[in-house]
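The structure under discussion appears below in the form of structure tokens.
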Amino acid sequence: MDKKYYVTASGYEQLKIDLETLKSQGRKDVAEKIKIARSYGDLSENAEYDEAKKEQAFVEGEIIRLEKMVKEAIIIDENAEDNKVSMGHIVTVYDYEMEEEFEVQLVGYTDVDPSQNKISHESPIGSALLGKSAGEDTVASTPDGDLKLKVVSFHR
């Protein structure tokens with residue numbers, strides 16, 4: 001099964017910018033490094049050439065990865081309203097063990113930013129919150145053990 005790439009509209013635009021930058025400038029930079037390394041002579045013992053070829057392979061791999069993401073991206077409708085937690089929602093959560101509330105936003109993994117409390121819908125907490133209603137309890141299975149949580153409220 002193919003992975004779904006959930007992104008915000010701004011995240012999608014950034015993916016396209018990153019892809020275009022790699023296709024134009026990234027390829028050009030690597031081609032120049034290869035050209036310079038070739039000028040050093042014998043390619044069989046040329047470390048600069050080997051490194052440039054490795055960088056070229058990395059850049060081409062990233063281009064393929066980003067093209068796939070752009071092609072298969074599902075843009076989160078941040079204006080949609082519904083009665084269950086879904087992508088893009090900002091969720092107020094109560095942690096029973098810590099006896100405190102915290103807030104997270106569910107985003108696709110390309111938009112994850114822990115400093116902004118943006119977590120992946122695929123993370124243990126994110127996947128536990130998806131599809132829940134306000135007032136509903138859930139359990140997130142984390143590497144540190146199970147967390148009992150309650151969806152207090154959510155909005156876009």
Leu130 and Val93: same hydrophobic cluster, using ILVMFWY side-chain contacts below 4.5 Å?
yes
Determine yes or no for a side-chain-to-main-chain donor-acceptor pair under 3.5 angstrom, with Glu136 supplying the side chain and Ser133 the backbone.
yes
For His89 and Leu106, what are the C-alpha separation, side-chain angles and deciding distance, and is it a side chain to side chain contact (heavy atoms under 4.5 Å, CB included)?
CA-CA 6 Å; His89 274 132; Leu106 297 185; 5.6 Å; no
In terms of heavy-atom contacts, Gln105 and Gly88 come closest through NE2-O, 3.1 Å
Determine the minimum heavy-atom distance between Lys132 and Phe154, stating which atoms define it.
O-CE2, 4.1 Å
Val107 and Ile119: side chain to side chain contact (heavy atoms under 4.5 Å, CB included), yes or no, with the steps?
CA-CA 6 Å; Val107 296; Ile119 65 169; over 6 Å; no
Tell me, with the steps shown, if Val112 and Lys118 meet side chain to side chain contact (heavy atoms under 4.5 Å, CB included).
CA-CA 5 Å; Val112 168; Lys118 292 182 177 185; 5.7 Å; no
Is there a side chain to side chain contact (heavy atoms under 4.5 Å, CB included) between Glu55 and Lys33? Walk through the geometry before answering.
CA-CA 9 Å; Glu55 186 176 343; Lys33 287 179 184 179; 2.9 Å; yes
Thr21 side, atom OG1; Lys16 side, atom NZ - distance, nearest 0.5 Å:
13.0 Å
Determine whether Val59 and Leu15 fall in the same hydrophobic cluster, where Ile, Leu, Val, Met, Phe, Trp and Tyr are linked whenever their side-chain heavy atoms lie under 4.5 Å apart.
yes
Taking side-chain contact (heavy atoms from CB on, under 4.5 Å) as the criterion, tell me which of Glu51, Glu48, Gln56 meets it with Ile34.
Gln56
Residues forming a side-chain contact (heavy atoms from CB on, under 4.5 Å) with Lys23, sequence neighbours excluded
Leu19, Glu20, Arg27, Ile63, Glu67
Can you name the closest pair of heavy atoms from Tyr94 and Glu101 and give their distance?
CD1-CG, 3.9 Å
Quick check against the 3.5 Å criterion: does Asn46 have a side-chain atom that pairs as donor or acceptor with the backbone of Ala37?
yes
Can you hop from Ile36 to Phe58 via hydrophobic side chains spaced under 4.5 Å?
no
For the hydrophobic clusters of this structure (ILVMFWY residues joined by side-chain heavy atoms under 4.5 Å, transitively), does one cluster hold both Val85 and Phe102?
yes
If every non-hydrogen atom of Pro124 is compared with every non-hydrogen atom of Ala140, which pair is closest and at what distance?
O-CB, 3.6 Å
Does any non-hydrogen side-chain atom of Gln25 lie less than 4.5 Å from one of Asp29?
yes
Can I get a per-line list of side-chain donor-acceptor pairs under 3.5 Å for residues 143-152, giving both atom names and the distance, sequence neighbours left out?
unit_1: Asp146; atom_1: OD1; unit_2: Ser141; atom_2: OG; d: 3.1

How long is the straight-line distance from CD of Glu103 back to OG1 of Thr92, given to the nearest 0.5 Å?
4.0 Å
What distance separates Asp111 CG from Gln116 CD, expressed to the nearest 0.5 Å?
11.5 Å
What's the separation between atom CD1 in Ile90 and atom NE2 in His155, rounded to the nearest 0.5 Å?
4.0 Å
If we ignore hydrogens and angles and just use 3.5 Å, is the side chain of Ser127 paired with the main-chain N or O of Ser123 as donor and acceptor?
yes
At their closest point, which heavy atom of Asp137 faces which heavy atom of Tyr96, and how far apart are they?
OD1-OH, 2.7 Å
Look at the side chain of Thr138 and the backbone N and O of Leu129, then say whether any donor-acceptor pair between them is shorter than 3.5 Å.
no
Hey, what do you get for CD1 (Ile64) to NZ (Lys68), rounding to the nearest 0.5 Å?
11.5 Å
